[in-house]
Undergrad: 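Supplied in structure tokens, the structure appears directly below.
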Amino acid sequence: MRVVVIGASGHIGTYLVPRLVDAGHDVVAVSRGKREPYTPHGAWQRVTTITADRDAEDADGTFGQRIVELEADVVIDLICFHESSARHLAEALTGRVRQFLHCGTIWTHGPSARVPTTEDQPKRPLGDYGRRKAAIEAYLLDRAHRDGFPATIIHPGHITGPGWVPVNPAGNFDPAVYQALADGAEVALPNFGMETVQHVHADDVARLFMDAMAGRSAAVGESFHSVATSALTLRGYAEAVAGWFGREARLTYLPWEQWRATVSEETARTTYDHIMYSPHCSMEKAARLLGHRPRYTPLEAISEAVGWLVEAGTIAYNE
């Protein structure tokens, strides 16, 4: 099939595009052309690359037609963040594609009444990003159920993999937290360190997109989480990372208002965004309907990313 991937050079596309090529699909990669995939792969030499400024083309109403003209059987949209953009593209593609896959986020959920959280629990997102993505999901699934638009939604958790800093044991992206754990230095965590994060390897997200394509009849009109099958407490995560460097974690715990005063305002905001959700989402639906099971545990996925940070010199470590 001819598959168009919008936002192809990012975290997910780095793994998804080579998988699509290796599966025999004719792949068109649409991106701003401002960066290379995180991990090189020979499959990219067999990909048609299109450079497009989606924001500008959304603004002048031409992006949907640009995608239509690529004559895809399947369109995978990895970078849609506004309902108006989703509407524009879906309306243009109505009656023209076999399947439309949208990348959502587990942030469409708010506080969970019970865990693990399933896809059918009420959506009560806490922040603007989650609310915008929830609106896109609601629109696409309504279109799927009302008039047969072939939409499928994939909701990743904290995407991780070699090439970038994953959400760390303090719930933010500061690599100094990993360095402190590697050095055996004291690390302060907010509250009691019992809030949770739920990572997923970018390749497991790519695999779920592939499985949703292969299981189209079960996937259309549905949304699926894409996370590791378990969540990590901040405390347990920190202890595991310290152990990778042969250290015992030296952890201290501070009430939120005290802890936030120890970091920058931006870092505090990032941590708060993660711990107020404390996600623990279920993967049962993807297993039941698509036969999909993540290959990576959260710590296996994170360890690859941390290993890359060591190799890149972002974390200094001498065995």
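In this text, all values refer to a predicted model and were calculated from it rather than measured experimentally.
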Undergrad: Mind checking whether Arg32 and Thr51 have side chains closer than 4.5 Å, heavy atoms only?
TA: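 Result no, sub-4.5 Å side-chain heavy-atom pair not found.
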Undergrad: Would you kindly confirm whether Val197 and Val115 end up in one hydrophobic cluster when ILVMFWY residues are joined by side chain heavy atoms under 4.5 Å apart?
TA: no
Undergrad: In this structure, would Leu78 and Ile159 fall into the same cluster of hydrophobic residues linked by side-chain contacts under 4.5 Å?
TA: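 Yes, one cluster joins them.
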Undergrad: Between Asp128 and Arg132, is there a salt bridge with N-O shorter than 4.0 Å?
TA: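 Yes, charged N to carboxylate O under 4.0 Å.
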Undergrad: Is the closest side-chain donor-acceptor distance between Thr270 and Thr267 under 3.5 Å?
TA: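 Distance-only check fails for Thr270 and Thr267.
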Undergrad: Below 4.5 Å, heavy atoms only, C-beta onward: do Gln99 and Thr152 meet side chain to side chain?
TA: yes
Undergrad: Please tell me if the side chains of Arg247 and Leu181 come closer than 4.5 Å, counting only heavy atoms from C-beta onward.
TA: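 A side-chain contact under 4.5 Å is absent here.
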Undergrad: Answer yes if the side chains of Thr94 and Arg143 hold a donor-acceptor pair under 3.5 Å, and no otherwise.
TA: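 Distance-only check passes for Thr94 and Arg143.
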Undergrad: Taking the side chain as every heavy atom from C-beta outward, state whether Leu232 and Thr196 have any atom pair closer than 4.5 Å.
TA: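 Sidechains of Thr196 and Leu232: no contact.
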Undergrad: Name all pairs fulfilling the side chain to side chain donor-acceptor pair (under 3.5 Å) condition that reach into residues 63-79, sequence neighbours left out, sorted by first residue then second.
TA: Arg54-Asp77, Glu57-Arg66, Gln65-Glu69
Undergrad: Answer yes or no: is there a side-chain heavy-atom contact under 4.5 Å between Ile12 and Pro156?
TA: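 SC-SC contact between Ile12 and Pro156 confirmed.
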Undergrad: Say whether Ser112 and Gln121, considering side chains only, have a donor N or O and an acceptor N or O under 3.5 Å apart.
TA: no
Undergrad: Does a side-chain N-to-carboxylate-O contact under 4.0 Å join Asp203 and Arg207?
TA: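 No, Asp203 and Arg207 are not salt-bridged.
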Undergrad: Ignoring hydrogens and angles, state whether a donor on the side chain of Lys123 or Thr108 is under 3.5 Å from an acceptor on the partner side chain.
TA: yes
Undergrad: If we count only N and O atoms by modelled type, under 3.5 Å, do the side chains of His155 and Glu137 hold a donor and an acceptor together?
TA: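 Side-chain D/A pair, His155 to Glu137: present.
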Undergrad: His158 pairs by ring pair (Phe, Tyr, Trp, His ring centres under 6.0 Å) with which of Tyr237, Trp164, Trp107?
TA: Trp107
Undergrad: Measure the shortest side-chain to side-chain distance between His109 and Arg124 over non-hydrogen atoms and say whether it is less than 4.5 angstrom.
TA: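 The answer is no, as the side chains (C-beta and beyond) never meet within the 4.5 Å cut-off.
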Undergrad: For the pair Glu239 and Arg235, find out whether any cationic side-chain nitrogen is under 4.0 Å from an anionic carboxylate oxygen.
TA: yes
Undergrad: Does the gap between the ring centers of Tyr253 and Trp259 come in under 6.0 Å?
TA: no
Undergrad: Without hydrogens or angle criteria, can the side chains of Glu304 and His201 be said to hold a donor-acceptor pair below 3.5 Å?
TA: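 Yes - a donor-acceptor pair under 3.5 Å links their side chains.
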Undergrad: Is Lys285 salt-bridged to Glu222, going by a charged N under 4.0 Å from an acidic O?
TA: yes
Undergrad: What side-chain donor-acceptor pairs closer than 3.5 Å can you find for residues 21-28, not counting sequence neighbours?
TA:
from	atom 1	to	atom 2	distance (Å)
His25	ND1	Met1	N	3.3
Asp26	OD2	Arg2	NH1	2.7

